Amino acid sequence: MMENEFQMSMMGELTFFLGIQVKQTKQGTFVHQAKYTKDLMKKFHMDERKPVSTPMSMTTSLDLDEYGEAMDQREYRSMIGSLLYLTVTLSDIQFTVCLCACFQASPRTSHRKVVQRIFRYLKHTLGFVILYSASSSLDLVGFSDADFVQCGIDRKSTSATS
Amino acid sequence: VRNEAHLLAQYCSQVDDLDFGKTFAPIARLEAIRILLAFAISTGFKLYQMDMKNAFLNGVIQEEVFVRQLTGFENPKYLDRVYKFSKALYGLKQAPRAWYARLKTFLLAHGNVMRSVDMTLFTLKHGNDFLHVQIYVDDIIFGASSQSLVSSF
């Protein structure tokens, strides 16, 4: 029906859509963004770095760092934006990326260090995929993680964004 | 190496209200696509994708828009004339919206139903079988509970 009306190209099973790679099997659907991640590593020259097993160090506490050395804001924003797109399949970096995103107005080299660590974590998780299992139920489960004045900078609640 | 050339309209010289009205077009949320993936596997149907060629050229524009003749390709007989758009062109501000409107009208005319929450998800019921169509500008994901619905789409 669609073919008669419009000019089409590339029809077939869903495998690659908006940078998201999909593999459909009997047991479940696998979803990942490995190609996109690899492209990002190259773009930001992170491919030579050592992988780490967590997206952020336990002891990291970020602040505005007003007297720290400034870095290129354009590059910082570009990194944050690219990482935000990765949160489509990688919920585990959601918190760290959103935290780093708070400092886009005036990024410092101390912030870049934290972002670079996310990339090292991505290198570690490259090859991990999300599985939508055929046997899992479709019930909606909600979680909440309320906090009170969690942010050390302006005493705002952070649970809404992370 | 293959070289490509595209004919584009200069959107920056379009005047508001005169050359274009509304320019926004709905686009699927990635969460919606993820839910569709989860829904597909748990219900047990396969998803397919298709890609539209030159999608925006299919759009029909509502406004009267004119362009001057392309430098080097003027018609020597009618040097003082301009072209009027009958269909959308890449580079026109309203092209994405015109394309969405065209696709939507087409899908609705063929029995698909759009609900009020997600304006990029269309469903078709055929007895006990159903077809889901999720559009993302010129990319389309679709799946159905029966193979005949898939092939007819």
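Every chain is numbered from 1, with letters handed out A, B, ... down the list of sequences. All figures in this text were calculated on a predicted structure; none of them were measured in a lab.
- For L30(B), the part lying near chain A is the side chain, with the backbone staying farther off; criterion is any non-hydrogen pair under 4.5 Å.
- Contact annotation for L57(B): neither backbone nor side-chain heavy atoms come within less than 4.5 Å of a heavy atom of chain A.
- Comparing I20(A), T89(A), V31(A), L14(A) by heavy-atom pairs within less than 4.5 Å of chain B, the highest count is held by L14(A).
- Residues forming a side chain to side chain donor-acceptor pair (under 3.5 Å) with S110(A) (at least two apart in sequence, or on another chain): D65(A).
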Item to complete: Report the C-alpha distance between H110(B) and F106(B) in whole Å, list the side-chain angles of each, state the deciding distance to 0.1 Å, and finish with yes or no for ring-ring contact (aromatic ring centres under 6.0 Å, His included).
Response: CA-CA 6 Å; H110(B) 284 77; F106(B) 177 75; 4.4 Å; yes
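- Shortest non-hydrogen contact noted between K35(A) and Q21(A) is N-OE1, 2.9 Å.
- Contacts of S135(A) with chain B are absent, with no heavy-atom separation under 4.5 Å from either backbone or side chain.
- Only the side chain of L18(A) has a heavy atom closer than 4.5 Å to any heavy atom of chain B.
- Just one residue in the list I140(B), T123(B), N112(B) forms a side chain to side chain contact (heavy atoms under 4.5 Å, CB included) with L107(B), and that residue is N112(B).
- Classified by interplanar angle (parallel below 30°, tilted 30° to 60°, perpendicular above 60°), the ring pair H111(A)/F103(A) is parallel.
- Contacts between I33(B) and chain A at a heavy-atom distance below 4.5 Å involve the side chain alone, from C-beta outward.
- For F39(B), the parts lying near chain A are the backbone and the side chain together; criterion is any non-hydrogen pair under 4.5 Å.
- One N or O on the side chain of R97(B) and one on the backbone of F24(B) form a donor-acceptor pair closer than 3.5 Å.
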